[in-house]
Amino acid sequence: MRARMAGGDAGYSYGEYFADKREKQRRQDEAARGFASRGGIFAGLVVYVNGYTRPWDRLKLHAEIVKHGGEFCHYMSGKRQVTHIIASNLTLKKFVEFRNYKVVSAQWVVDSIQRGRLLPWQDYRVEGQGDDQQKLDLKALRATSTTDCNGPDFITNYFSNSRLHLLSSWKAKLYREALIRFQKGAVHLPQGNDTLTVFHIDFDSFFAITAYLYRPIEYRDCEFDKDPIVVCHGKHNSDIASCNYVARGYGVKNGMWVREAEKLMPGGVHLVKLPYCFKQFRDTSDLFYKILIEEFKDEFGGLVYPISIDELLAVIVNCKLDTAQLCERIRQRVFEQTQGCSVSIGVAGTRIGARLALKLAKPNGYKLWPSPQEDDTAFLDKLVPSDIPGLGPSLLSRLHASYPQVKTLLQLRGLTLKQLQTPLGEKVGEKTFYRLRGQDDPESLKLLYEPETVLQRKTISVDINWAIRFRTIEQVDTFMDRCATFILEDNPEVLTAQVTLKIMQRCADAPLEPTKYLGMGRCNALSQSSNLGLPTRDPGVIITELHSLFRKVNCLPGDVRGVGVSLSKLTSVGRTVGHAVGPLRNQPTLPFLQSTRTPNSTTTTTPVENSRKRCVSPLKTLRINEENDSRSQATTEYQEQFLSELPTQIRREINREQAIKRKVESTKLDKIRADAQKRQKAQDTCKDHFLGQDSLFEPIKFQGCSRFKDICKLINKWIDQTACESKGPHPRDVKLFRRYLVKLAASNRTHLLLQIANLISLNLNLKASDSDKEVVDATRSGLQEWDNILLHTVVKILNENKTTFQRERKVKIEFDI
DNA sequence: CGCTGGATTCAG
DNA sequence: CATCGCTGAATCCAGCG
């Protein structure tokens, strides 16, 4: 509207006028650039000039940039992808506005043209100007940037820059894809008496070569075969993700800090530090697998098993081909199609043989391991103990402590099985014993013979141990919520029955800020887990559990340096066979734990499924209320919602056997009391960590228990005992229970209250569906009594504390969007 | 003795 | 400016009934 008024000519707006002007200018630039200078030093750059500049002004800059192949941009429109901004000085406001751009002085253009190549822009970076107060404000504004773990986008942003997350998540992806390939059938798996030829194929310094091939223009001068090259984020305490073989020649190793690597450089040798290029890592890996899966399988009938982003096993059953020739062919194809990445290959009749042969083949070669009949001592002699898979730094040091004289691999092979097992443990000792003899153990053969079992994930988790800094417990809670949400969104099909929280706690004597920027420093790893009883993917249930677990580990928020959330005892919400996440090992026999069918099919919905859905629902109801119209929701309506989910209405399922089992298992109330007293005694003598002076909360006791988990167990036992009797719970016990709940509410621990409500609801649902038709009458009053307690005591107290409850929930809801 | 939960170790 | 120290599995071990 404003544009139309301003423009003199009706129908020709400001926007259109400038669009025309820009287009005209672009055509002029194109012409000025001419044919000869196409591809000049600024090719691919789009430059914007902000304000007054020197030594060249805007006009001169425009002319020169265009002349040398760059594009000139007159306006910072959001759509245009400006790569560089030229300015002499910036107000802080502008600096903030341009913080995601490369802001350089005009001198950068002058010098680049003079030197005939694009100089590193970082050397000409322009900073913002302002007084200290302004700078302080600015600092606060940056603090909320991508390295603030309390920001909403932290996890995503962190992971998109983490090589280790790339490795893990990529492996998960490869496993999923391979699982589908194997489940599709039509794959001829090896049989017990087949002869295998195993090809272990691996890129030579994958990240380094890829980062080199796709390096930014300012690094164009380095050479992969001459210069020591590493991939890293920073310049001092940054991990080296990958280094080329030239760097390895100077003693550089993956995982080393850049500062250490620099120290290894002889005088005059410059260590080239390339930035990551995550997209190309992924694309190159995709291409690698594509080449091997399609071409290799189609031509030679090979099976492909994933190992990692840059590594795989290819297996041919009863192979009659020339393996050396095959290796050359594979290597050549990968090299050509990736335009410069070399892979090495180890070949053997066993996995371990192929693995060891690969060690000898690297870099840029292939090696055939001798057959079992041949002598392998010459091969083993070229390897070192750390080349044996499974022997890492810790176990090697244990070995060294036990046998200081044993240095070489052959000496290691000289040890007996017993001698290996003493320092390494029974299993690892045995595996090592066989590996030293070129033999596979059943464990590692499982991937080849039963891939579906191995490729199936049994736990899923998120771990973040960098940039973790909290001040308040609310921040910890929020962060755990985000972790849980991240996992659930990443695994849309899974249900979990166990959640584990791992906290990295700063060692008491470790400095508040470690050497590494935002690193975790020296820490204790603390973990706690909790069984949920029934598989669920309700964020509310999982989040509440995590809050409770964090309080249990008893770590001050300020000392948290890492957070890990892990879900285990997984099942699938799955529909049919062939799903990525299927039912897993040792499934409990309760009908609830079996995968359900498509939920919206009314004709096939059984009472069992009904009750399962209801089991998880009370919390959901609460959530929906809160999210939709929490303010206007009347208490009565709120209770009605809850009431509609109560088990009395679904007490239709007949399961005599389970009802009997439960009765047999249920214990006497006296025994429960005795247990509680015993625990009380134990607590009086031995100070529980939860009761320590540093405890975040004053402990609240119920029946002599203060640990929330014990209390939950106690409540379950109490229900087990009294719900199936005609009398129901004793009024005095109910009174005590009520008193406990009120205390919980009064101390703002609404999440625990919620957990108890959920726990009782789950238990009652279970009872209701277990009840035999004949005992319904006898059990009705006990169950009804418990329904009453749930509704009129637990939920009532929840309602009375809705304000705190909402405050607590509100934080969570933000992340559910 | 077998089971469970927590800690440690490794690989890539 | 730093900097992006993940994740799943196997194993071990203490404590329990």
Side-chain angles (χ1 to χ4, degrees), chain A residues 122 125 127 139 142 145-147 149 154-172 174-175 202-203 206-207 232-239 241-242 254-255 257-259 275-276 278 285 306-312 355 386 388-398 421 424-431 441 443-444 446-447 454-468 487 490 498 500-502 504 513-531 553 561-568 570 586 709:
Chain A
Q122 288 90 343
R125 188 194 293 275
E127 305 289 339
K139 207 177 167 187
R142 292 170 102 182
S145 76
T146 53
T147 51
C149 70
F154 172 76
I155 297 181
T156 317
N157 185 70
Y158 173 59
F159 280 164
S160 64
N161 288 296
S162 161
R163 73 186 193 282
L164 291 173
H165 175 73
L166 177 68
L167 289 182
S168 311
S169 60
W170 203 259
K171 181 167 183 152
L174 292 169
Y175 270 38
D202 183 324
F203 279 81
F206 175 64
F207 287 166
C232 53
H233 280 296
K235 32 173 86 93
H236 301 298
N237 303 322
S238 172
D239 277 26
S242 177
N254 291 349
W257 281 0
V258 174
R259 194 191 293 277
Y276 288 75
F278 284 90
S285 176
I307 300 289
S308 75
I309 191 164
D310 68 333
E311 196 175 338
L312 58 77
R355 179 79 179 64
S386 64
I388 298 294
L391 292 188
S394 173
L395 295 182
L396 284 172
S397 79
R398 267 194 242 169
Q421 282 173 325
L424 300 181
E426 195 190 321
K427 294 293 200 93
V428 181
E430 190 182 315
K431 280 185 181 177
D441 52 292
E443 195 71 46
S444 56
K446 222 171 169 185
L447 174 67
V454 179
L455 297 171
Q456 179 69 257
R457 256 62 183 79
K458 286 142 200 105
T459 67
I460 46 177
S461 63
V462 153
D463 275 89
I464 300 174
N465 298 306
W466 187 81
I468 296 299
I487 301 177
D490 220 27
Q498 183 172 52
T500 304
L501 176 68
K502 190 177 81 185
M504 300 305 283
E513 282 309 324
T515 319
K516 190 187 189 77
Y517 174 66
L518 292 179
M520 63 178 192
R522 274 188 307 118
C523 284
N524 298 316
L526 309 169
S527 73
Q528 287 288 315
S529 64
S530 169
N531 287 308
V553 298
R561 290 289 177 274
V563 175
V565 172
S566 171
L567 306 183
S568 44
L570 304 178
N586 296 339
K709 197 178 170 184

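Just so you know, these numbers come straight off a predicted model, no measurement behind them. Proteins come first, then strands; the chains are lettered A, B, ... in the order of their sequence lines, and each starts at number 1.
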Taking only side-chain nitrogens and oxygens of [X], does any of them come within less than 4.0 Å of OP1 or OP2 of [N]?
X	N	result
A:Ser160	C:dC4	no
A:Asn465	C:dC6	yes
A:Ser461	C:dG8	yes
A:Thr500	B:dG5	no
A:Arg457	C:dT7	no
A:Lys516	C:dT3	no

inquiry  = Between A:Lys427 and A:Trp466, which residue's closest nucleotide on DNA chain C lies nearer the 5′ terminus?
reply    =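 Its nucleotide being nearer the 5' end, the pick is A:Trp466.
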
Assess whether side chain to side chain contact (heavy atoms under 4.5 Å, CB included) is satisfied between A:Asn237 and A:Arg259, documenting all intermediate values. CA-CA 6 Å; A:Asn237 303 322; A:Arg259 194 191 293 277; 3.4 Å; yes

Gap between atoms [atom1] and [atom2], on [X] and [N] respectively (whole Å):
X	N	atom1	atom2	answer
A:Asp490	C:dG8	CG	C1'	14 Å
A:Asp463	C:dA9	CG	P	13 Å
A:Ile155	C:dG5	CD1	P	15 Å
A:Ile468	C:dT3	CD1	C1'	13 Å
A:Tyr175	C:dT7	OH	P	15 Å
A:His165	C:dC4	NE2	C1'	12 Å
A:Leu424	C:dA10	CG	C1'	14 Å
A:Phe159	C:dT7	CZ	C1'	9 Å

Side chain to side chain, A:Arg561 and A:Arg522, heavy atoms closer than 4.5 Å:
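Heavy-atom side-chain distance check fails, nothing below 4.5 Å.
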
Is any side-chain heavy atom of A:Leu501 closer than 4.5 Å to a side-chain heavy atom of A:Leu526?
no

Sorted by chain and number, sequence neighbours left out, salt bridge (charged side-chain N to carboxylate O under 4.0 Å, His left out) with A:Lys502 holds for A:Asp463

Applying a 4.0 Å non-hydrogen cut-off, can you work out what [X] is touching in the nucleic acid: base, sugar-phosphate, or nothing?
X	answer
A:Gly234	base
A:Gly429	nothing
A:His233	base

Taking the side chain of [X] as its heavy atoms from C-beta onward, which of [options] lies nearest to it?
X	options	value
A:Ile460	C:dC4, C:dC12, C:dG8	C:dG8
A:Asn531	C:dC4, C:dT7, B:dG5	B:dG5
A:Glu426	C:dC12, C:dC4, C:dA2	C:dC12
A:Thr459	C:dG8, B:dG5, C:dC4	C:dG8
A:Asp239	C:dC1, C:dA2, C:dC4	C:dC4
A:Glu443	C:dC4, C:dT11, C:dG8	C:dT11
A:Lys431	C:dG5, C:dC1, C:dA10	C:dA10
A:Tyr276	C:dG5, C:dT7, C:dA2	C:dG5

More than 12 heavy atoms of other residues, nucleotides or ligands under 6.0 Å from NZ of A:Lys427: yes or no?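 Open: at most 12 neighbouring heavy atoms sit under 6.0 Å from NZ of A:Lys427.
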
> Does A:Ser394 offer a backbone N or O that forms a donor-acceptor pair with the side chain of A:Ser397 under 3.5 Å?
Replying inline: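 Looks like yes, one N/O pair under 3.5 Å.
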
### Pairing nucleotide - C:dC4, Watson-Crick or G-U, each distance under 3.5 Å
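None - no nucleotide pairs with C:dC4, as no candidate has both distances under 3.5 Å.
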
Its contact letters, B for base, S for sugar-phosphate only and - for none at protein heavy atoms under 4.0 Å, make nucleotides 7-12 of chain B read S-SSSB

Parallel, tilted or perpendicular: rings of A:Tyr276 and A:His233 (30°, 60°) =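 Because their plane-to-plane angle is under 30°, the rings of A:His233 and A:Tyr276 count as parallel.
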
A:Arg163 to A:Phe207, cation-pi by 6.0 Å centre distance and 45° axis angle: no

Requested in this report: Evaluate the side chain to side chain contact (heavy atoms under 4.5 Å, CB included) criterion for residues A:Lys516 and A:Asp239: first the C-alpha distance (whole Å), next the side-chain angles of each, then the deciding distance (0.1 Å), finally the verdict.
Outcome: CA-CA 10 Å; A:Lys516 190 187 189 77; A:Asp239 277 26; 3.1 Å; yes

Discussion item. By a 5.5 angstrom centroid cut-off and a 30 degree plane limit, is there stacking between A:Tyr517 and C:dA2?
Written reply: yes

